[in-house]
Amino acid sequence: MPEIEFRNVTKRFGEVVAVKNLTFTIYDGEYLSLLGPSGCGKTTTLRMIAGLINPTEGEILWNGRPIHHLHPSQRNIGYVFQNFAIFPHLTVWENVAYGPEVKGFPEKEVEDLVETYLKLVGMKGKEDEYAVSLSAPDKQRVGIARVLASGAKTLLLDEPMGALDQQIREKFQDELRGIVKKLGLTAVHVTHDQSEAMAISDRIGVMKKGEILQVDSPLNLLFNPETIFVNNFIGEANFFEGIVTSEQEGYLKIELYSGEIFTVTKPTHGFLPGDRVVIGIRKEFPIIYPSDGLSRENYFSGIVEEDRFVGEKRRVIIRLKYDQLIEIKNRNTQQSFKHGDKVDIEVPSLAINVFPYPKEGLAEAVSVT
Amino acid sequence: MPYLELKDIFVQRKGEIHLDHVNLSIKKGEYIALLGPTNSGKTSLLNVIAGLKKVDSGEIFFENKNITFMPPEDRMVGYVFEDYNLFPHLTVLENLLFGVKVRAGNIEQATKEALELLRMMHLEGREDAYPNELSGGMQQRVSIARAAVAQAKILLLDEPYRALDAKIREQMRREMRQIVKALGLTCIHATHELEEAMIVADKIVVMNEGRIEQVATPEELFNNPKNYYVATSIAENNEIYIGSNKNKEFLPGLTLENLLEKTNQKISVKEELVALIRYSDIDIMEIVEQSMLYTQKPDMFQKIEQQKNKESIILKGKVVNTRLLGEYVRFGVKLTSEPSTTLYSKHLLNLAMQNYKEYEGKEVQIRIPYSSIKIFKK
C-alpha cells in the first residue's frame, strides 16, 4: 500500500515557487532520497511531509487519507537533522528515554525501549556519557535512537551526514540503511551527495527548480536517464543535436548535424523519422583509439585538444567536426594522447540516450541554476 | 630563473609550527596548487607570500628581489578569498577600478582593460550590476578580474570554490585555468580536493603539517608518489603488510624479491615495509572481457589486453561486496589462496556494470600490474 502520496503539490512562499506540481509516491518500507542542487526544493518537500508547512495547492495522502486529517503526533514521524537535535546537557540514556517518558510509558517499557534502540545504533555501553561530549557520528546515532524510541515509523532525514567526516560516512550509510531495513521503516533522505544517495537508497528522486524530474533506482538514473538534466547531473554527459532518420521497433538511426550516423539499440518510444533530437553520451562510455582513417557508424573522428591526467582517470577533450568538442573520461590512464593526435572515438550503441530537443534550448536544459 | 622563490621559510605561533622550513620556487606563468587537509599550512603559505603573515626565519624573493619584509600593499599580489571580498556597495566596474583609483593610475586605460576582461570572462553587460545581483561563480570571476586590472603579478586563491554547489564547481575549475592562462597570470591555488588540484594546476605541492611532502606535475605525482603520506593522500589504496622479509609471499605467489626483479627496482629492506595498490589499478578480468562486447575494433582491444596480462599478476578470488559510488563501482574480492586478503577494485562506470550486483558471491580473476604495486616504509 502506498504510504505517502504527493498529488500535484505546489508550495509558494510569496512570489517564489519552492515546489512545483509534485506528483510521486513513497512506498511503505522504502528508502527514498531526494537529490538536487541547493534551492531545488528538496528540504521544502521534506518539511511538507513532516507537516511543518502546508502545500499551497494539491494534497499529500497518508495511507490514502489526506494528511491534514492527522495531527502531526499521529503521523509517527521522526525528523533527523544535520546538526543533531539532541539535548547536550542530558546523558545518552536520558536523551533516548525522553520521548517515551513524555508519552507516559511505564518505567519498565521505557527501559526496554531505550536498551533496544541504543543497542541497535551501536551505543550500548555509552549510556551515561553526556551528549555534548560525544563524537559527531555518536551524536547522530543518539539522534536516530531518540526518534526511533519515540515510535517513529517514518524517518525524515535532512542531510544527516552533513557534519560527519568523509571517512566515517560510508560506514554510517550502511548502518543507517541497515536499521531502516531491519525495522521495516520508511525513510526519506535529503542530500546533495550523489554517492551517498546511491549507496543508501532504493530509489532517488532528482529535483531541479522545484520539480521532480525522475524517481528511479540509482542504476536506472545512471543508465536510463529520462531527461537531459538527469543525464548530466548524475555524472556528466556530452550532448549532440541531430535528426532521426529511421525508426524500427523503437531502434533509431540518428544523423547528427555534423554528419555522423549513430544507431541506438537501447529501446526508445515515441520518436519518428524527421524528429529533432539530442543524444546524450556519458563521459565514461566512449572508447578512444588512434585513428585508422576509416569512418564507421557510431564513431566520431577528431583531433585531441587536451589529455589531462586527473588521478584515477584521464580527461580527454577532443575537437570534432565543426569545432564541436567531446570530453571523455578514460579509465585507461596508461593510454595518453598528445595535442593534435588524430583519434577515432567509438560510442557503443547502448551508451546513447535519446531525448526530444528541449523547448527551452539545450543550455537551459542542462543548467543547474 | 624562478619568479617567486621561498627559501627555508619557518613560521611558528605560540609554540605551534605553521610552516616548517618550506622551500618552493615558482616560474612565471605557472599555475600551482597547494594540496593538503585543514591546518596543513596552505593558508599560512599564501599569507606569507601576500605579506599578511610574518616569517620567523627564511627569505622570499620575487624576480630576484628580496621581499621578505615588504609590506603587503607593495607586493602586487591579488588575493581571492573564499567569499570573494567584493565591495557590496560598488558595481562590478567600480570594484574592478578600485585599486587603480587608490593608486591614482590611468582610469581611462584601466576602464578599457576592465571592459575587455569582462568580455573575456563572459560578464559582458554586467559592469553596472552589484555583487549581490551575480551568482557565486560570477562574483568569483569579478574578483579575479579585479586582481588582473590591479596588475597583480601573482594571483592567490584560497579554497575559491568551497561555497559553490558541486556541479558549478566542476565548471568553474576548468574555466579558472583557462582564464588564468589566457591572462598569463602566475597563480597559487590552495585546495583540499585532489581532483580540483589535478584539473587546474601545472604543478601540485602536497602539504602536510606545515611541510612540503612533494612538488610534481599531476602525472608525476600519480605515477611516482614519493612517500607513504603522498601515496595514501592522492588515492584509495589496498595496503598489504610485508614487514622486513624479502622472501615472504605478501600476495599469493609473489614475494618482494620477485616483485623487485620484475620491476627492475632495488630497495634496501631495513625497515618494516608495506605494499600499496590503488583500488583503480586492479582489474576484474570478466568485466574487462565484457567491455569487449561493445567494441568494433576487437583486434586492437585484444592486443592491449594481452600486453597488460603479460605485465601483471593474475589471481583468483571471490567477490564479497559491491558498492555503487557515483561514477565508480567498487568490488571487494577475497583472494582464494593464502594470504587470502580482501582487495578492493574500483572501476569507472562502463556498460558491463549495469549488472554489477550479480558479481556478488562470484568467483573471479583479478589482474594487478606489477608496476602498480608500490613499496613504502610506513
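Chain letters run A, B, ... following the sequence lines, proteins first, then strands; residues in each count from 1. Given the structure is predicted, the values throughout are model-derived calculations rather than measurements.
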Part of [X] within contact of chain A (heavy atom distance under 4.5 Å):
| X | value |
| --- | --- |
| B:Tyr279 | neither |
| B:Lys357 | neither |
| B:Val329 | neither |
| B:Ile234 | neither |
| B:Leu349 | both |

Max heavy-atom pair count under 4.5 Å with chain A, selected residue of B:Asp283, B:Leu194, B:Leu348: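 Between B:Asp283, B:Leu194, B:Leu348, the count favours B:Leu348.
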Max heavy-atom pair count under 4.5 Å with chain A, selected residue of B:Ala235, B:Pro218, B:Gly326: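 Of the options given, most contacts go to B:Gly326.
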A:His189/A:Met161 under side-chain contact (heavy atoms from CB on, under 4.5 Å): CA gap, chis, key distance, verdict: CA-CA 10 Å; A:His189 179 131; A:Met161 324 253 173; 4.2 Å; yes
Under a 4.5 Å heavy-atom cut-off, does chain B meet the side chain of [X], its backbone, both or neither?
| X | answer |
| --- | --- |
| A:Glu297 | backbone |
| A:Asp344 | side chain |
| A:Phe233 | both |
| A:Leu350 | both |

Salt bridge [X]-[Y], side-chain N to carboxylate O under 4.0 Å:
| X | Y | value |
| --- | --- | --- |
| A:Glu364 | A:Lys209 | yes |
| B:Arg278 | A:Glu312 | no |
| B:Lys362 | B:Glu286 | no |
| A:Arg331 | B:Glu327 | no |

Considering only heavy atoms and a distance below 4.5 Å, find which of [options] pairs most often with chain B.
| options | result |
| --- | --- |
| A:Lys283, A:Arg282, A:Gln194, A:Arg315 | A:Arg315 |
| A:Asp292, A:Asn220, A:Asn298, A:Ile234 | A:Asp292 |
| A:Asn232, A:Asn330, A:Thr333, A:Ile287 | A:Asn232 |
| A:Glu196, A:Glu170, A:Arg296 | A:Glu170 |
| A:Glu236, A:His192, A:Gln335 | A:Glu236 |
| A:Ser349, A:Ala351, A:Gly311 | A:Gly311 |

Stepwise side-chain contact (heavy atoms from CB on, under 4.5 Å) test for A:Arg308 and A:Arg314: CA-CA 6 Å; A:Arg308 213 170 151 73; A:Arg314 305 186 77 102; over 6 Å; no
Aromatic plane relationship, B:His347 with B:Phe331 - under 30° parallel, 30 to 60° tilted, over 60° perpendicular: perpendicular
Parallel, tilted or perpendicular: rings of A:Phe285 and A:Phe223 (30°, 60°): parallel
Side chain to side chain donor-acceptor pair (under 3.5 Å) assessment of B:Glu239 paired with B:Tyr228: CA-CA 10 Å; B:Glu239 182 171 330; B:Tyr228 181 86; 2.5 Å; yes
B:Lys297 atom NZ, over 12 foreign heavy atoms within 6.0 Å: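 Yes, NZ of B:Lys297 has more than 12 neighbouring heavy atoms, counting only those of other groups under 6.0 Å.
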Residue A:Lys342 excluded, over 12 heavy atoms near NZ under 6.0 Å: no
